Amino acid sequence: MLTHAQIWMAIDRLAARAKLSASGLAKRSGLDPTTFNKSKRITPDGRARWPSTESVAKSLAATGATLDQFVALISEGGRPPGESVPLIGLTEAGAGGRFDDNGFPSGEGWDAIPFPAVEDTHAYALEITGDSLLPMYRDGTRIIVSPAAPLRRGDRVIVKTRSGEMMLRELKRKTAKTLELKSLNPEGPDSMLAAEEDVLWVARIVWASQ
């Protein structure tokens, strides 16, 4: 069965093959630049939002791709078993140039680790250092993050703010205007961010090594 993650991965792959970002593909297709952004893939109440047939058709025309080629991008599926995912330390991940505007790994400084099949081709691993996230994550824990995974209340997430801060939190509530986050450290404060003004991207943690 065709999944929400597969169709969005196909759009990301289409953009990558044209050497474009998701927003770059949207602009070339004559669409609003935010049409294919990660923030548009999930509704404020957490439901999956699918791209329209019109936007897909326009993106195919803009890149010169055929429908058969787009279907092939969908059927490529996730990473094959044993393929590696990019790895970087959580503290290093906050440095500039580690991610693009969609929250996908980019630039230098990444290592790699083998990991079983994961549907999101943009998935990556972060290694925790220190004890600031105890008791949830101890020093040396590796977490797998999936930018394509839908967000739900109670999920553990990575948040990149527009000021450059990387936050690992539990998602309490997400609306079109705000993002409410719970600290994983019992002594840490909860926080509320303005979705548009403060948040660059949010991605869900789908696995942890402990």
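All figures in this text were calculated on a predicted structure; none of them were measured in a lab.
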Does one hydrophobic cluster hold both Ile113 and Trp207, with members joined at side-chain heavy-atom distances below 4.5 Å? yes
Whether over 12 other heavy atoms sit under 6.0 Å from Glu92 CD: yes
Separation between CZ (Arg28) and CG (Leu20), nearest 0.5 Å, reads 4.5 Å
Met166 and Gly94 have their tightest heavy-atom pair at CG-CA, 3.4 Å
Atom CD1 of Ile128 and atom CD1 of Ile143: how far apart are they, to the nearest 0.5 Å? 4.5 Å
Any side-chain heavy-atom pair from Ile88 and Glu127 closer than 4.5 angstrom? no
Does the pair Leu133 and Asp139 meet the rule for a side chain to side chain contact (heavy atoms under 4.5 Å, CB included), with working shown? CA-CA 8 Å; Leu133 295 173; Asp139 181 58; over 6 Å; no
Would you name the heavy atoms of Leu151 and Ala203 that are closest together and state the gap between them? CD2-C, 4.3 Å
Between the main-chain N or O of Glu108 and the side-chain N or O of Arg98, is there a donor-acceptor pair closer than 3.5 Å? yes
Any donor-acceptor pair under 3.5 Å linking the side chain of Asp100 with the backbone of Gly103? yes
Which atom of Ala195 lies closest to which atom of Thr175, heavy atoms considered: CB-O, 4.2 Å
Please check if atom CZ in Arg173 has more than 12 non-hydrogen atoms from other residues, nucleotides or ligands closer than 6.0 Å. no
Atom CZ of Arg153: over 12 foreign heavy atoms under 6.0 Å: no
State whether the side chain of Thr66 and the backbone N or O of Gln69 hold a donor-acceptor pair below 3.5 Å, judged by distance alone. yes
How are the rings of Phe104 and His122 set relative to one another: parallel (under 30°), tilted (30 to 60°) or perpendicular (over 60°)? parallel
Give, for atom CD1 of Ile11 and atom OG1 of Thr35, the distance between the pair rounded to the nearest 0.5 Å. 10.0 Å
Arg17 side, atom CZ; Leu25 side, atom CG - distance, nearest 0.5 Å: 13.0 Å
Donor + acceptor pair across side chains of Asn185, Ser183 (<3.5 Å): no
Taken to the nearest 0.5 Å, the spacing of Leu90 CG from Thr141 OG1 works out to 11.0 Å
From CA spacing to verdict: salt bridge (Lys or Arg N to Asp or Glu O under 4.0 Å), Asp155, Lys174: CA-CA 11 Å; Asp155 284 338; Lys174 184 179 184 296; over 6 Å; no
In sequence, state the C-alpha distance, the side-chain angles, and the governing distance for Tyr137 and Arg156, and then conclude on side chain to side chain contact (heavy atoms under 4.5 Å, CB included). CA-CA 11 Å; Tyr137 299 123; Arg156 296 165 197 163; 3.1 Å; yes
Among Leu179, Val159, Leu181, exactly one meets side-chain contact (heavy atoms from CB on, under 4.5 Å) together with Ser191. Which residue is that? Leu181
Heavy-atom side-chain contact between Thr34 and Ser23 under 4.5 Å: no
Check: Trp50 main-chain N/O paired with His4 side-chain donor or acceptor under 3.5 Å: no
Just wondering, are more than 12 heavy atoms of other shown residues or ligands nearer than 6.0 Å to NZ in Lys40? yes
Closest heavy-atom pair and its distance - Arg41, Asp12: NH2-OD1, 2.8 Å
Heavy-atom closest pair, residues Ser59 and Ser29: CA-OG, 3.1 Å
Testing the basics here: between Ser55 and Ser52, what is the closest heavy-atom pair and its distance to 0.1 Å? OG-O, 2.8 Å
Set out, in order, the CA-CA distance, both residues' side-chain angles and the distance that settles side chain to side chain contact (heavy atoms under 4.5 Å, CB included) for Leu193 and Thr161, then state yes or no. CA-CA 9 Å; Leu193 303 176; Thr161 68; 4.3 Å; yes
Applying side chain to side chain contact (heavy atoms under 4.5 Å, CB included), run through Leu126 and Val145 and close with a yes or a no. CA-CA 8 Å; Leu126 298 175; Val145 182; 4.2 Å; yes
Rounded to the nearest 0.5 Å, what separates atom NZ in Lys172 from atom CG in Asp190? 4.5 Å
With Phe99, which residues qualify under ring pair (Phe, Tyr, Trp, His ring centres under 6.0 Å), at least two apart? Trp110, Tyr124, Trp201
